[in-house]
Amino acid sequence: MALLNILCYPDPRLHTVAKPVAQFDDKLRALVADMRETMYEAQGIGLAATQVNVHQRVVVIDTSEERNQATVLINPEITWASDERMKGEEGCLSVPGIYDGVERAVAVKVKAFDEHGQVREMEAEGILAVCIQHEMDHLLGKVFVEYLSPLKRNRIKTKFLKAQREDA
């Protein structure tokens, strides 16, 4: 297993739309293992392949207290979302240190595959539902700051670009 480099906003590669996974092979399982390790090392609760510059529809999530119950969603589809919505604080491994309110469905149903190609369907609510929606946005090339006002988004972008220049 290896730690993967997490792309940082406003990297344009974060806006790449992920392609469906076609082969459930050892290469895919290695990617999932690396993503899981990367997510845990970065202290995140979710990671989409787009965030590590792999543009396939792969997500790993673990919202458990023990941090040992990772869920793998490959080619995920939300088949139902509740009409009830809630605004909650979100952060992102690709936008470190930034947290803001985003409105999401309170509950969702998802159909996906695991890393072995087995179909799984799950219902999620609360933080897990939010995390699924957040990570699936990444697969569509969308970062959570895009839900914020243009003013907030531009301030965040400017902050990160300045930090990148200072690091160079």
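Along the sequence shown, residues are numbered consecutively beginning with 1.
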Out of the candidates [options], only one should pair with [X] under the side chain to side chain contact (heavy atoms under 4.5 Å, CB included) rule; please name it.
X: K162; options: R165, Q164, K159; answer: R165
X: E90; options: L148, V95, V130; answer: V130
X: I78; options: K111, Q133, K109; answer: Q133

First locate atom [atom1] of [X], then atom [atom2] of [Y], and finally report the distance between them rounded to the nearest 0.5 Å.
X: L3; Y: E41; atom1: CG; atom2: CD; value: 5.0 Å
X: I45; Y: H134; atom1: CD1; atom2: NE2; value: 8.5 Å
X: R67; Y: D62; atom1: CZ; atom2: CG; value: 5.0 Å
X: F160; Y: R155; atom1: CZ; atom2: CZ; value: 15.0 Å
X: L151; Y: I156; atom1: CG; atom2: CD1; value: 9.5 Å
X: D114; Y: L73; atom1: CG; atom2: CG; value: 9.5 Å

Distance-minimising heavy-atom pair for [X] and [Y]:
X: S94; Y: P96; value: C-CD, 3.4 Å
X: C92; Y: H138; value: SG-NE2, 3.4 Å
X: G46; Y: L93; value: O-CD1, 3.8 Å
X: K152; Y: D100; value: NZ-OD2, 3.0 Å
X: M35; Y: A48; value: CE-C, 3.6 Å
X: T79; Y: V110; value: OG1-N, 4.2 Å

Quick check: are there more than 12 heavy atoms from other residues, nucleotides or ligands sitting under 6.0 Å from CG of D83? no
Can you confirm whether more than 12 heavy atoms, excluding those of E89, are under 6.0 Å from its CD atom? yes
Would you check if [X] and [Y] make a side-chain contact, meaning some heavy-atom pair closer than 4.5 Å?
X: F113; Y: V72; value: no
X: Q56; Y: L31; value: yes
X: S82; Y: V108; value: no

Between [X] and [Y] (side chain of the first, backbone of the second, donor and acceptor by atom type, cut-off under 3.5 Å), is there such a pair?
X: T63; Y: I127; value: no
X: N154; Y: P150; value: yes
X: E146; Y: V143; value: yes
X: T16; Y: H55; value: no

Apply side chain to side chain contact (heavy atoms under 4.5 Å, CB included) to D137 and R104, showing your working. CA-CA 11 Å; D137 274 352; R104 304 263 189 200; 2.8 Å; yes
Return the orientation label for the Y9 and H15 ring planes: parallel under 30°, perpendicular over 60°, tilted otherwise. perpendicular
Test of understanding: clusters of I, L, V, M, F, W, Y form through side-chain heavy atoms closer than 4.5 Å, transitively. Do [X] and [Y] belong to the same one?
X: I6; Y: V32; result: yes
X: L47; Y: L28; result: yes
X: Y40; Y: V52; result: yes
X: F24; Y: V119; result: yes
X: L128; Y: V60; result: no

Assess whether side chain to side chain contact (heavy atoms under 4.5 Å, CB included) is satisfied between E135 and L139, documenting all intermediate values. CA-CA 7 Å; E135 299 308 330; L139 300 180; over 6 Å; no
When you check the gap from the basic side-chain N to the acidic O, do D25 and K27 get nearer than 4.0 Å? no
Under the side chain to side chain contact (heavy atoms under 4.5 Å, CB included) criterion, do N53 and N5 qualify, and how do the steps go? CA-CA 8 Å; N53 201 28; N5 183 44; over 6 Å; no
I would like to know whether V58 and E115 meet side chain to side chain contact (heavy atoms under 4.5 Å, CB included); could you show each step before the answer? CA-CA 9 Å; V58 179; E115 65 266 44; over 6 Å; no
Start with the C-alpha distance between R85 and E103, add both sets of side-chain angles, then the distance that settles salt bridge (charged side-chain N to carboxylate O under 4.0 Å, His left out), and finish with yes or no. CA-CA 6 Å; R85 300 180 68 77; E103 188 176 289; 3.1 Å; yes
Does K142 make a cation-pi contact with Y147 (under 6.0 Å, within 45 degrees of the axis)?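 Satisfied, under 6.0 Å and within 45°.
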